[in-house]
Amino acid sequence: IASPPAAAQKFEPNYDEAKVPAYQLPDPLVMESGDPVTTAEQWPARRAEIIELFTQHVFGRMPEHRRVESKVVRRDANANDGQTVRTELSVIVKSPQLDPSNPGDIEKSIEIHVLVDVPHSRGAANGDAAKPAAVPAFLGLNFQGNHTVTSDPNVRITPSWVRDRRDDSTEGNRAVAGGRGVAASRWPSEMINQRGYALITAYYGDIDPDTDDGFQNGIHGLMPEFIASLPPEERPGSIAGWTYGISCILDAIEKTPNLGIDVSRVGVIGHSRLGKTALWAGAIDPRFALVISNDSGCGGAALSRRAVGETVGRINASFPHWFCDGFEHYNQNENALPVDSHELIALAAPRPIAVGSATDDKWADPRGEFLAARAASPVYELLGLPGLLDDEGQTPSEPPQPDHAYSSGAISYHLRAGGHDLAKEDWQCYLDFADRFLQQD
Ligand code: GCU
C-alpha cells in the first residue's frame, strides 16, 4: 500500500487524551491460536511468535547468520585525562551468505568503526598484570559519528554518508573536524567510566545510510540475493539493518581479546530512531543483558494504537525506509496491527528494560511509552519478576512526576523534564538502574 508523499498529507498530530481512539491491546500472554500462556515454560513459544509478528509486520527480516572480523586500529591508555582506555576497532561485516556453486558471487563488505571507552582503573585493557575484572558496558549507536561523541582529536572522522547539517560539522554529506565533540553531552563517557561501565559506540550511518536509497548501500547492499528472496513486504528496513549491525558489533567485542569488557553484561541503548533500534536489537539478540529505550516514540516504546503525536501513517510517509513495507498496512489502521509496543518491551523479559521519556517530547507520546512499559508487566510477572512498580511497590496508575523514575521492578520508566534528547539526567537513571543488575560488587 503506497502512502501519499508526506508533503501531500496534511497531518495534524493529536495531543488530546479525549481524542485518543478506543483500542484494545493484543494480549502478550495469548497465543495466536487463542490459547492462553499461563506458565513460564510456555513463554518462549509465545515470544517466538511475537518476534515473528514484528519481523513480518514492522521491521522486516534479516539473515540469521553474520560474518564479522574485527581489528584494533588504535589504543590510547590515557584518554579522558588518564581515566579511560580508548580503543578504536575496525569491524568488517561481510556478505552473510555466498553461494559456493556460483563463482560469480562476489563477497562484499562494509566497515563499522567502533569506539570503546573502558575505565582505566578497572578494565584489563590497561595491560595490568593483575588483570582486574572486566567491566559491564553500554552499547549504543550514535547519530553523527564517533568523532562527535568526544573532542579527542585522534578519533577517526567517519567517511560514511552523513546528513548535511549546514553547520561546521558537515560539508555537504561528509563529516568534518568541526563536528568534533558536538554530541558529547549525549555520550558522557567520563561519567559512565567513573561509574564502572564501559561505553561502546559506533556511527549508525557506517551500518546503513539514513536515506531512502532503495537499499543499494550499507548493510542491505551486502545481501541482495537474500533480500530478493523475501516476500516484498518483509524486506528489511533501515531499523532492521542497524539492529543487525549492533549484533555484529557485539560479535566483534566478543572476538577482541583484552578489551576489558564482560560480554555477558552489556546493555543496548538508543535514542529516538536508534531507541526503536535498541528495542528491536534487545528483543532479537538475547546476549544483551539490559535494554534501554530513550525517547523512542512511534515504532518504538509508544503504543501505536493511541495515535498520539507521530502515527504509523505519518512515520511511514516521512521515513519510508525505516520499517518494512508490511507496516504500511497499518497506516490509519493501527487497531489491525497484530502487535503493539508493550510486546516489543516484553520481548526483553526476563532481562531488565528501561524506558525513558521527556515531558516536552510530545511527538514521541510519553504517556503512550509509560502505558506500554506498564502493559509489559504481566510477562515479567509470569516469569516471576516484578514488572513496572511505583514507589509503594504497586502497579502505577499514572506516570511518575517529572525527573523521577519508577525503577524498583525489572521494568524502569522515567520522565525527564525537558525536550527530545539523551541527556545526562537520563544516563543517571540508566546507570542507577543498571547498577542493580550489571554490577557484581
Ligand atoms: C523524527 C521522527 C521520530 C524519530 C526522531 C529521531 O522526529 O519522526 O520517529 O524518533 O526523528 O530519530 O530523532
Side-chain angles (χ1 to χ4, degrees), residues 3 5-7 9-15 54 58-59 140-145 148-149 161-165 167 169-170 182-183 185-187 201-205 207-212 237-243 245-246 268-282 291-324 327-328 330-332 334 337 340-341 344-345 355-369 372 415-416 418-423 426:
S3 313
Q9 262 187 349
K10 175 131 178 56
F11 180 73
E12 294 284 350
N14 176 44
Y15 296 115
F54 273 102
V58 182
F59 297 114
L141 299 180
N142 64 69
F143 277 89
Q144 289 179 263
T148 66
V149 312
W161 181 95
V162 296
R163 186 170 305 285
D164 181 0
R165 302 208 173 233
D167 62 17
S169 70
T170 57
V182 294
S185 67
R186 286 189 173 180
W187 301 99
T201 187
Y203 171 52
Y204 80 140
I207 302 169
D208 195 43
D210 193 0
T211 51
D212 190 5
S238 289
I239 292 177
W242 296 323
T243 301
I246 287 179
V268 59
I269 180 169
H271 169 64
S272 208
R273 70 199 68 181
L274 297 174
K276 312 179 208 296
T277 305
L279 283 167
W280 187 227
V291 183
I292 301 169
S293 151
N294 191 77
D295 301 356
S296 60
C298 180
L303 291 173
S304 296
R305 278 167 172 74
R306 281 169 48 81
V308 168
E310 188 173 31
T311 62
V312 173
R314 173 61 188 206
I315 205 168
N316 280 327
S318 330
F319 303 100
H321 59 293
W322 283 0
F323 299 91
C324 68
F327 198 38
E328 295 192 356
Y330 309 101
N331 293 350
Q332 293 82 47
E334 293 86 357
L337 189 62
D340 213 322
S341 63
L344 185 56
I345 294 170
V355 174
S357 310
T359 50
D360 301 343
D361 188 18
K362 305 257 186 269
W363 184 240
D365 187 15
R367 187 177 180 83
E369 298 195 319
L415 184 61
R416 175 175 47 75
H420 187 67
D421 195 8
L422 175 55
D426 296 308

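In listed order, ligands and their atoms are each counted from 1. Values reported hereafter were calculated over all heavy atoms of this structure, with side chains retained and with hydrogens, waters and symmetry mates removed. Positions are given from 1, in the same order as the sequence printed here. Just so we're clear, the structure is a prediction, and the values are computed from it rather than from any experiment.
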> Just by distance, with hydrogens left out, do W161 and D210 show a side-chain donor and acceptor under 3.5 Å apart?
Replying inline: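 No - no donor-acceptor pair under 3.5 Å links their side chains.
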
> Would you say the side-chain atoms of D212 and H321 include a donor-acceptor pair closer than 3.5 Å?
Replying inline: no

Under 4.0 Å, heavy-atom basis, I'd like to know which part of [X] is in contact with ligand 1: side chain, backbone, both or neither.
X    : answer
H420 : side chain
R314 : neither
E310 : side chain
I315 : side chain

> Looking at ligand 1, does any of its N/O atoms fall within less than 3.5 Å of an N/O of W322?
Replying inline: no

> Does H271, backbone or side chain, put an N or O under 3.5 Å from an N or O of ligand 1?
Replying inline: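 It does not: no N or O of H271 is found under 3.5 Å from an N or O of ligand 1.
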
> Tell me, which protein residue and heavy-atom name are nearest atom 7 (O) of ligand 1, and how many Å apart are they?
Replying inline: W363 NE1, 3.3 Å

> Among protein heavy atoms, which lies nearest atom 12 (O) of ligand 1, and at what distance?
Replying inline: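 The closest heavy atom on the protein side is R273 NE, 2.5 Å.
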
> With side chains defined as the heavy atoms from C-beta onward, is the minimum distance between I246 and L141 less than 4.5 Å?
Replying inline: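 Side-chain contact under 4.5 Å: yes.
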
>> Within the structure provided, determine whether R367 and V308 are in side-chain contact (heavy-atom separation under 4.5 Å).
In response: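 Not in contact.
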
> With respect to atom 13 (O) of ligand 1, which of S272, S318, G300 exhibits the smallest heavy-atom separation?
Replying inline: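 Among S272, S318, G300, the closest heavy atom to atom 13 (O) of ligand 1 belongs to S272.
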
>> Taking 4.0 angstrom as the limit and counting only heavy atoms of K276, give me the atoms of ligand 1 inside it, by number and element.
In response: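 Per the distance check, 3 (C), 4 (C), 9 (O), 10 (O).
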
> Is D295 salt-bridged to R416, cutoff N-O under 4.0 Å?
Replying inline: yes

>> Using 30° and 60° as the class boundaries, would you call the ring planes of F54 and W280 parallel, tilted or perpendicular?
In response: tilted

> Can you list the steps and then say if I315 with F323 is a side chain to side chain contact (heavy atoms under 4.5 Å, CB included)?
Replying inline: CA-CA 9 Å; I315 205 168; F323 299 91; 3.8 Å; yes

